[in-house]
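Worksheet: one structure, shown below.
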Amino acid sequence: MRGERDGAPLLSVTGLVKHYRGGALFARRGPPVRAVDGVSFEIGRGETLGLVGESGCGKSTVGRTLLRLQEPTAGRAVFDGADVFALDRAALRRLRRRMQIVFQDPYSSLNPRMRIGSAVAEGIEIHRLVPKAEIPARVAALLQEVGLDPAFARRYPHEFSGGQRQRIGIARALAVEPSFIVCDEPVSALDVSVQAQVLNLLADLQKQRGLSYLFIAHDLAVVRQVAHRVAVMYLGRIVETGSTEGLLAEPRHPYTVALLSAVPEPDPAGKKRRVVLPGDPLSPSAPPSGCPFHPRCFHPAKSERCRTELPQLRPVGATQVACHYAETTPARGTVV
Amino acid sequence: MSRVLEVENLRVTFPGAGGRVAAVDGVSFGLSRGETLALVGESGCGKSLTSLSLLRLVPAPGRIEPGSTIRLGDADVLALEGEALRDIRGRRIGMIFQDPMTSLDPVFRVGDQIAEGIRAHFPVSKREARDRAVALLREVGIPDPAARADAFPHQLSGGMRQRVMIAIALAAEPEILIADEPTTALDVTVQAQILEVLDRLRAERGMAVLLITHDLGIVAGRADRVAVMYAGQIVEEATTTALFARPSHPYTQGLFGSIPRLDGPVERLHPIPGTVPSPAAWPSGCRFRPRCPHAFEPCVREPALRAVGPEQGMRCWLEGER
């Protein structure tokens with residue numbers, strides 16, 4: 001369930017680019033890997049933006065550069081008035097109190113030799129949020145808020161299931177009282193029944209704390225559950241973005257159409273007419289000329305223009321879409 | 001439809017603190033030619049151990065208990081030894097796994113790996129095996145198969161590697177293909193491709209497919225029948241149509257309530273409370289009882305699998321119609 005949102009953007013990203021040095025290990029040259037290639041979006045207070053795409057599309061890199069866990073190659077991000085990419089170390093540290101990240105695999109982000117209570121307390125201590133004597137009570141309250149027994153504070157990470165570890169990861173993020181959390185595939189590694197528990201928890205926390213989320217995922221059904229707006233990425237670019245309802249009801253980019261039709265849905269009666277895309281996503285080290293999607297595109301109007309001219313995002317129907325022929329994209333469910 | 005496989009009262013145990021613990025506990029099902037049966041459940045439910053049992057590949061110190069029966073045609077799989085057992089593994093029952101990279105040998109070209117399998121099962125020349133390998137690569141939808149046969153596994157994408165694994169499994173022309181989470185590691189658009197390939201091959205070759213998955217969405221479009229597993233037991237079994245029209249066991253209903261959907265209004269999900277218990281901690285009586293919203297007195301005794309419809313059975317004391 002999605003919470004309510006309001007007003008002016010909390011985060012505004014313009015022209016974000018992240019290139020990695022290309023070529024093989026130790027090679028001096030090679031084309032750069034264009035992981036993120038000019039991405040812009042805004043996120044409002046209390047709002048969730050779903051960032052969707054397949055592996056290698058650059059969605060996780062976007063999340064990490066926003067927190068400057070990786071330095072961007074170019075672009076600008078303004079978070080509540082602060083120019084994120086221009087901050088010095090001290091200012092960045094203060095900012096990290098307000099921007100947090102939850103990873104897909106919480107186990108790899110927890111120190112196996114550190115008790116859960118200490119792991120959750122770490123951020124509180126670093127930022128001196130409460131007097132030392134009050135830390136245990138604060139940790140207990142946080143564990144309770146994410147649905148864990150406060151007594152768990154004395155245990156170690158290996159004693160927990162995947163779902164519980166993800167709750168611990170969320171408690172750690174919440175400890176510093178952030179206003180924005182990057183959720184990077186937070187439920188992909190969890191069993192379905194546990195996945196639903198964590199999605200509900202994230203929704204409750206958003207409502208109670210007025211949090212904003214950048215929710216990174218490959219699963220459109222999961223994104224629909226939590227996001228107010230969606231941006232679909234392909235090979236480092238946003239190819240379509242709009243309100244969740246609008247984008248799912250009336251997708252205009254052929255890749256969004258294919259992605260939607262590929263989602264396996266628990267409904268045997270309505271066995272969908274699937275668009276089975278040919279080929280694999282191309283490598284971001286050798287993106288094709290023109291539209292990045294053209295080698296796999298099934299749009300009947302596909303032309304020479306798609307091979308030569310990069311389409312820009314423009315409003316068509318309910319969404320912003322980067323396709324030269326968005327007006328005539330075959331609707332979801334009508335293509336074979 | 002003719003039965004190719006019959007599993008009865010399968011029990012797989014592991015040593016625990018207070019004696020052996022059953023991770024698979026009394027699983028029975030049949031599989032017919034050309035049919036896809038999906039074994040659905042969450043991690044630790046015993047679905048993968050069940051499939052490994054069919055090949056007698058249960059890892060030590062696990063053990064298939066006496067009293068279990070696995071019949072493949074005329075063969076009593078649990079009584080086979082040596083050569084006869086090898087004739088089952090890979091030859092009559094093929095298997096593909098979630099992560100093809102761990103099953104492919106990184107230092108051999110994929111074409112050679114397929115050809116090796118062909119020559120292990122059929123008396124053909126190297127050249128003929130190679131030709132068959134290329135034909136198989138074509139059959140699983142690999143473009144430019146003659147050139148790709150010379151590639152090493154790391155040169156292929158995840159989807160292509162899974163196709164190679166399918167080709168290797170098909171090389172022996174098995175009667176049954178076990179697909180254990182075959183698309184879990186793949187992107188959705190690639191997942192759709194692989195499922196299409198499996199479905200086409202099943203239809204063309206009349207193979208039976210045992211599809212092991214945690215994803216009810218995959219089941220919907222692909223399987224003829226579904227068996228839902230929880231805590232080492234099949235708790236509900238039905239035709240796919242019947243199961244999706246009327247999920248009856250509270251656990252199955254819980255799974256459906258947990259899945260975010262692409263259609264209908266966005267509502268709060270209804271997850272199953274708690275977590276899946278480990279085999280050593282399975283409760284007495286109905287194993288789903290501590291998490292079940294409908295638990296009542298009879299649940300302290302273990303329910304048997306009983307019919308709740310013409311094509312549906314469940315392991316629960318509740319009446320079928322709710």
Side-chain angles (χ1 to χ4, degrees), chain A residues 1-2 52-57 160-164 187 189-201 203-204 218-227 244-245 248 255 258-272 274-283 296 332, chain B residues 40-45 141 143 156-160 183 185-193 195-197 213-223 226 239-245 247 251 254-263 266-276 278 291:
Chain A
M1 276 280 271
R2 304 174 289 217
V52 185
E54 298 183 280
S55 33
C57 74
F160 295 94
S161 68
Q164 288 171 324
V187 298
L190 305 177
D191 273 322
V192 249
S193 67
V194 180
Q195 172 178 311
Q197 295 172 2
V198 172
L199 288 175
N200 282 350
L201 173 65
D204 292 343
H218 67 279
D219 185 335
L220 273 168
V222 167
V223 166
R224 177 177 187 254
Q225 187 70 26
V226 296
T244 307
E245 286 77 14
L248 294 183
Y255 179 63
L259 207 55
L260 266 170
S261 90
V263 174
E265 269 194 289
D267 179 12
K271 188 175 178 183
K272 293 181 297 190
R274 289 185 170 86
V275 186
V276 176
L277 282 182
D280 297 296
L282 284 115
S283 158
R296 300 177 80 197
R332 178 187 169 206
Chain B
V40 179
E42 299 182 280
S43 26
C45 72
L156 301 176
S157 67
M160 287 296 155
T183 61
L186 304 175
D187 281 322
V188 277
T189 60
V190 179
Q191 166 174 306
Q193 297 168 359
L195 292 171
E196 290 286 321
V197 168
T213 180
H214 68 282
D215 188 343
L216 279 165
I218 287 180
V219 170
R222 315 286 168 181
V226 187
T239 59
T240 308
T241 323
L243 188 95
F244 281 77
Y251 176 64
L255 283 182
F256 276 101
S258 301
I259 305 172
R261 307 282 299 240
L262 273 179
D263 50 11
V266 179
E267 285 166 3
R268 193 175 171 81
L269 298 170
H270 302 284
I272 304 167
T275 49
V276 181
S278 75
R291 304 177 70 192

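Here is the naming used below: chain letters follow the sequence lines, and residue numbers restart at 1 for every chain.
Residues passing the side chain to side chain contact (heavy atoms under 4.5 Å, CB included) test with A/Val192, sequence neighbours excluded: B/Glu42, B/Leu255, B/Ile259. In this view, B/Arg291 satisfies the salt bridge (charged side-chain N to carboxylate O under 4.0 Å, His left out) rule with no residue, not counting sequence neighbours.
Proximity to chain A is absent for every atom of B/Pro143, based on heavy atoms less than 4.5 angstrom apart. Using a 4.5 Å cut-off between heavy atoms, B/Ser43 contacts chain A through both its backbone and its side chain. At a 4.5 Å heavy-atom cutoff, the contact between A/Gln197 and chain B is made by backbone and side-chain atoms alike. With a 4.5 angstrom heavy-atom cutoff, B/Val219 does not touch chain A via any of its atoms.
To the nearest 0.5 Å, the span separating CG on B/Leu262 from CG on A/Asp219 amounts to 7.5 Å.
The backbone N or O of B/Glu267 lies less than 3.5 Å from a partner atom in the side chain of A/Gln225, making a donor-acceptor pair. Under a 3.5 Å cut-off, the side chain of A/Asn200 and the backbone N or O of B/Leu269 do form a donor-acceptor pair.
Across B/Pro260 and A/Ala221, no two heavy atoms sit closer than the pair CB-O, 3.3 Å. The two atoms that bring A/Ser193 and B/Ile272 nearest to each other are CB-CD1, 3.8 Å, heavy atoms only. When all heavy atoms are compared, the tightest approach of B/Gln193 to A/Arg296 is NE2-NH2, 4.0 Å.
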